[in-house]
Asker: 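This is the structure I want to talk about, given as structure tokens.
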Amino acid sequence: MAELLVFHHAQGQTAGFLAFADDLRSAGHVVHTPDLYQGRTFDTLEAGIGYARDVGFGALLDSGVRAADGLPDGLVYVGFSMGVMPAQQLAQTRPGARGALLLHACVPASEFGGWPDGVPVQIHAMDADPFFVEDGDIDAARDLVASVPDAELFLYPGDQHLFADRSLPSYDAAAAEVLTRRVLDFLKSR
């Protein structure tokens, strides 16, 4: 089974985020979920983004990268939206990455120096999610898929951002079920 480092989204470690991590544990994986917000959660995405701005996105990214300290090499890095930043940086820069799962976001690979050879990646988002489409994440995802042999982009019909978090109004049960199945299949091969 795989060992994962899973980073939360801008609303914090919501019940839905933690339930997703528990689903991975139930499948037999070792899952680490660092809390970059130190126990804070937010009812809206806007409030969570506001908090992240106050703390500083750079500081949160640094904290996320430090969360890997003391953990073994050979991790799969998983990020939900804002959590994609540390997950993607670690997958691209920390030796021994076994894979990356980028949920609801994607940063241009050039941001962290290019994608390493042999590190598979899946990107999951809704095809009309304004955060994913209008902020350019979809372009970054398509570029990554075009340049990395073991990269996959899965677009789900809809316009919700955090559709895999079952505790939020944006949750889409059908899409989240497919996403979870694809994630578990990806992890079986790691």
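Keep in mind the model is a prediction, meaning the values are calculated, not measured.
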Asker: Is there side-chain contact between Leu144 and Leu153, with at least one heavy-atom pair below 4.5 Å?
Answerer: no
Asker: Could you tell me if the side chain of Gln160 sits less than 4.5 Å from the side chain of Leu168, heavy atoms only?
Answerer: no
Asker: Can you list every pair that meets side-chain hydrogen bond (donor to acceptor under 3.5 Å, both in side chains) and has a residue in residues 42-62, with sequence neighbours left out?
Answerer: Arg40-Tyr51
Asker: Keeping Tyr77 on the side-chain end and Gln92 on the backbone end, is there a donor-acceptor pair under 3.5 Å?
Answerer: no
Asker: Is Met82 reachable from Leu162 through a run of hydrophobic residues whose side-chain heavy atoms are each under 4.5 Å from the next?
Answerer: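 Yes; Met82 is reachable from Leu162 via cluster members.
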Asker: From Leu103 CG over to His161 NE2, what is the distance, rounded to the nearest 0.5 angstrom?
Answerer: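 Spacing of CG (Leu103) from NE2 (His161) equals 10.0 Å.
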Asker: Hey, are the side chains of Pro108 and Asp143 touching, using non-hydrogen atoms and a 4.5 Å cut-off?
Answerer: no
Asker: Would you confirm whether Gln89, through its side chain, and Val65, through its main-chain N or O, come within 3.5 Å as a donor-acceptor pair?
Answerer: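 Flag not set: sc Gln89 to bb Val65 has no pair under 3.5 Å.
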Asker: His9 vs Phe80 aromatic rings, parallel, tilted or perpendicular, using cut-offs 30° and 60°?
Answerer: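 The rings of His9 and Phe80 sit tilted, inter-plane angle from 30° to 60°.
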Asker: If you compare all heavy atoms of Val84 against all heavy atoms of Ala105, which two are closest, and at what distance to 0.1 Å?
Answerer: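 Here Val84 and Ala105 meet closest at CG2-O, 3.7 Å.
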Asker: Do you know the tightest heavy-atom contact between Pro34 and Phe7?
Answerer: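 Between these two residues, the closest heavy atoms are CG-CE2, 3.6 Å.
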Asker: Report yes or no: do Val78 and Val178 belong to one cluster of Ile/Leu/Val/Met/Phe/Trp/Tyr joined by side chain heavy-atom distances under 4.5 Å?
Answerer: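 In one cluster: yes.
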Asker: Could you walk me through whether Gln11 and Phe17 pass side-chain contact (heavy atoms from CB on, under 4.5 Å), step by step?
Answerer: CA-CA 10 Å; Gln11 288 181 247; Phe17 166 81; over 6 Å; no
Asker: Is there a path from Val119 to Val145 through hydrophobic residues (I, L, V, M, F, W, Y) whose side chains come within less than 4.5 Å of each other?
Answerer: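 In one cluster with Val119: Val145, yes.
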Asker: Assess whether side-chain contact (heavy atoms from CB on, under 4.5 Å) is satisfied between Ile138 and Leu155, documenting all intermediate values.
Answerer: CA-CA 9 Å; Ile138 194 167; Leu155 295 174; 4.1 Å; yes
Asker: With rounding to the nearest 0.5 Å, note down the distance linking CZ in Arg94 to CG in Leu71.
Answerer: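 Those atoms lie 6.0 Å apart.
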Asker: Going through the checks in order, is the side-chain contact (heavy atoms from CB on, under 4.5 Å) test met by Arg25 and Asp22?
Answerer: CA-CA 5 Å; Arg25 286 184 186 102; Asp22 285 342; 2.8 Å; yes
Asker: Examine Phe186 and Phe163 and state if one hydrophobic cluster contains both, with Ile, Leu, Val, Met, Phe, Trp and Tyr joined whenever side-chain heavy atoms are less than 4.5 Å apart.
Answerer: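 Result: yes, single cluster for both.
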Asker: As an exercise, state the distance from CG of Asp172 to CG of Asp159, rounded to the nearest 0.5 Å.
Answerer: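 Asp172 atom CG to Asp159 atom CG measures 10.0 Å (nearest 0.5 Å).
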Asker: Closer than 3.5 angstrom, by distance alone: can the side chain of Asp73 be matched with the main-chain N or O of Ala97 as a donor-acceptor pair?
Answerer: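 Such a contact is absent between Asp73 side chain and Ala97 backbone.
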Asker: When you measure from the side chain of His8 to the backbone of Leu36, do you find a donor-acceptor pair of N or O atoms at a distance under 3.5 Å?
Answerer: yes
Asker: Taking it one step at a time, do Phe132 and Ile123 satisfy side-chain contact (heavy atoms from CB on, under 4.5 Å)?
Answerer: CA-CA 11 Å; Phe132 192 74; Ile123 307 148; 4.1 Å; yes
Asker: When you measure from the side chain of Thr180 to the backbone of Ala176, do you find a donor-acceptor pair of N or O atoms at a distance under 3.5 Å?
Answerer: yes
Asker: Would you name the heavy atoms of Ala91 and Ala100 that are closest together and state the gap between them?
Answerer: CB-CB, 3.7 Å
Asker: Which heavy atom in Pro120 sits nearest to a heavy atom in Gly118, and how many Å separate them?
Answerer: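 That closest heavy-atom pairing would be CD-O, 3.3 Å.
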Asker: Is there side-chain contact between Tyr156 and Met126, with at least one heavy-atom pair below 4.5 Å?
Answerer: yes
Asker: Kindly compute the distance separating NE2 (His104) from CG (Asp129), expressed to the nearest 0.5 Å.
Answerer: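 Result: 8.5 Å between the selected atoms.
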Asker: Is atom CG of Asp185 surrounded by more than 12 heavy atoms (other residues, nucleotides or ligands) closer than 6.0 Å?
Answerer: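 Yes, enclosed.
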Asker: Counting C-beta onward and ignoring hydrogens, is there a side-chain heavy-atom pair between Leu102 and Val107 closer than 4.5 Å?
Answerer: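 They are not in side-chain contact.
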Asker: Same hydrophobic cluster for Val6 and Leu101, using side-chain heavy-atom links shorter than 4.5 Å among ILVMFWY?
Answerer: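 Same hydrophobic cluster.
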Asker: Between CG of Leu24 and CE of Met1, what distance do you get to the nearest 0.5 Å?
Answerer: 11.5 Å
Asker: Between Leu90 and Ala68, which heavy-atom pair has the shortest distance, and what is it?
Answerer: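 In this case the closest contact between Leu90 and Ala68 is CD2-CB, 3.9 Å.
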Asker: Please report the interatomic distance CZ(Phe42) to OG1(Thr14), rounded to the nearest 0.5 Å.
Answerer: 12.0 Å
Asker: Looking at Thr33, is its backbone amide N or carbonyl O close enough to the side chain of Gln13 to form a donor-acceptor pair, meaning the two atoms are under 3.5 Å apart?
Answerer: yes
Asker: Hydrophobic cluster mates of Val30, side-chain heavy atoms under 4.5 angstrom, ILVMFWY only, any path?
Answerer: none
Asker: If you take all heavy atoms of Tyr171 and Asp165, which pair is closest and at what distance?
Answerer: CB-O, 3.3 Å
